[in-house]
Amino acid sequence: MKKRIVFLRDCPIHRSMAILGTKWKPVVIWALRERTMRFGQVAAAIDTISRKVLTTTLNQLEEEGVVYRNAKTDSGAQHVEYSLTEKGRDLLPLMLKLVEWDTKYYYSQN
């Protein structure tokens, strides 16, 4: 049997887990699943995340094309809104499958 070598740069699981494989990225994506939110709203929805970590996570997700950052100026005041891009929304069915898996194996045990 011939041994196959898998290079991380070519591995679709490795590339995908770079987006979902951190503690906070999936949580931020999940928080943005239903609507556009300002930074403070995202922070309030995920009350256990520090503002520094949230800023870093949102910036990384924006760089990866998963989150859209929209800076607006209303009545002279600037605010930033975050929403999922098409790429980010395409992750939601996968995340729903994880919710189903969690419900099946963990939620029912508590």
Side-chain angles (χ1 to χ4, degrees):
M1 178 180 233
K2 189 174 180 178
K3 192 176 192 180
R4 183 168 180 228
I5 299 172
V6 176
F7 295 100
L8 289 180
R9 70 179 178 274
D10 300 327
C11 178
I13 294 298
H14 183 263
R15 284 190 305 266
S16 300
M17 292 311 293
I19 293 173
L20 293 176
T22 67
K23 179 177 180 177
W24 293 111
K25 287 180 183 179
V27 177
V28 171
I29 294 166
W30 192 250
L32 291 170
R33 73 188 181 281
E34 294 179 349
R35 65 185 177 103
T36 298
M37 300 171 115
R38 291 186 182 186
F39 181 88
Q41 292 171 314
V42 178
I46 311 168
D47 64 348
T48 55
I49 190 171
S50 74
R51 289 184 171 264
K52 180 182 177 187
V53 171
L54 179 56
T55 298
T56 300
T57 302
L58 285 166
N59 288 338
Q60 289 171 346
L61 288 170
E62 182 185 10
E63 288 172 12
E64 291 161 349
V66 173
V67 166
Y68 175 70
R69 181 184 186 273
N70 185 18
K72 290 183 163 188
T73 303
D74 290 334
S75 304
Q78 186 173 5
H79 64 270
V80 178
E81 295 179 337
Y82 296 92
S83 59
L84 294 178
T85 62
E86 180 181 355
K87 184 177 180 179
R89 288 188 306 273
D90 282 350
L91 288 169
L92 295 177
L94 303 171
M95 295 179 81
L96 283 169
K97 284 293 187 187
L98 287 172
V99 170
E100 290 173 14
W101 179 83
D102 179 78
T103 301
K104 180 177 180 178
Y105 290 104
Y106 294 98
Y107 184 73
S108 62
Q109 294 177 7
N110 294 332

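Residues Val67 and Val80 share a single hydrophobic cluster, defined by chaining ILVMFWY side chains whose heavy atoms lie under 4.5 Å apart. In the hydrophobic cluster analysis, where Ile, Leu, Val, Met, Phe, Trp and Tyr join through side-chain heavy atoms closer than 4.5 angstrom, Met17 is grouped apart from Met95. Under the 4.5 Å side-chain heavy-atom criterion for Ile, Leu, Val, Met, Phe, Trp and Tyr, Tyr68 and Leu58 are members of distinct hydrophobic clusters. Following chains of ILVMFWY side-chain contacts shorter than 4.5 Å, one cannot reach Trp24 starting from Leu98, and the two form parts of different hydrophobic clusters.
Rounding to the nearest 0.5 Å places CG of Leu94 at 7.5 Å from CG of Leu20. A distance of 7.5 Å separates NZ in Lys25 from OG1 in Thr57, rounded to the nearest 0.5 Å. Between Asn70 atom CG and Thr36 atom OG1 the span is 8.5 Å, to the nearest 0.5 Å. The distance from atom CZ of Phe39 to atom OH of Tyr82, rounded to the nearest 0.5 Å, is 6.5 Å. The line from CG of Asn59 to CZ of Arg69 is 7.0 Å long, rounded to the nearest 0.5 Å. Here the straight-line distance linking atom CD1 of Ile19 with atom CD of Glu63 works out to 11.5 Å at 0.5 Å rounding.
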Show every donor-acceptor pair shorter than 3.5 Å between a side-chain atom in residues 47-56 and any protein atom, with sequence neighbours excluded, or say none if there are none.
unit_1, atom_1, unit_2, atom_2, d
Ser50, OG, Val53, N, 3.1
Thr55, OG1, Arg51, O, 2.9
Thr56, OG1, Lys52, O, 3.1

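Heavy-atom contacts from other residues, nucleotides or ligands closer than 6.0 Å to CD of Gln78 number more than 12.
A salt bridge between Glu100 and Lys97 is present, with a side-chain N of the basic residue lying under 4.0 Å from a carboxylate O of the acidic one.
If you run side chain to side chain contact (heavy atoms under 4.5 Å, CB included) between Val28 and each of Val66, Ile46, Leu84, only Ile46 comes through.
Annotation: side chain to side chain contact (heavy atoms under 4.5 Å, CB included) contacts of Gln41 (sequence neighbours excluded): Arg35, Met37, Arg38.
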TODO: Apply the test side-chain contact (heavy atoms from CB on, under 4.5 Å) to residues Leu96 and Trp30: give CA-CA distance (whole Å), side-chain angles for both, the deciding distance (0.1 Å), then the verdict.
DONE: CA-CA 9 Å; Leu96 283 169; Trp30 192 250; 3.5 Å; yes
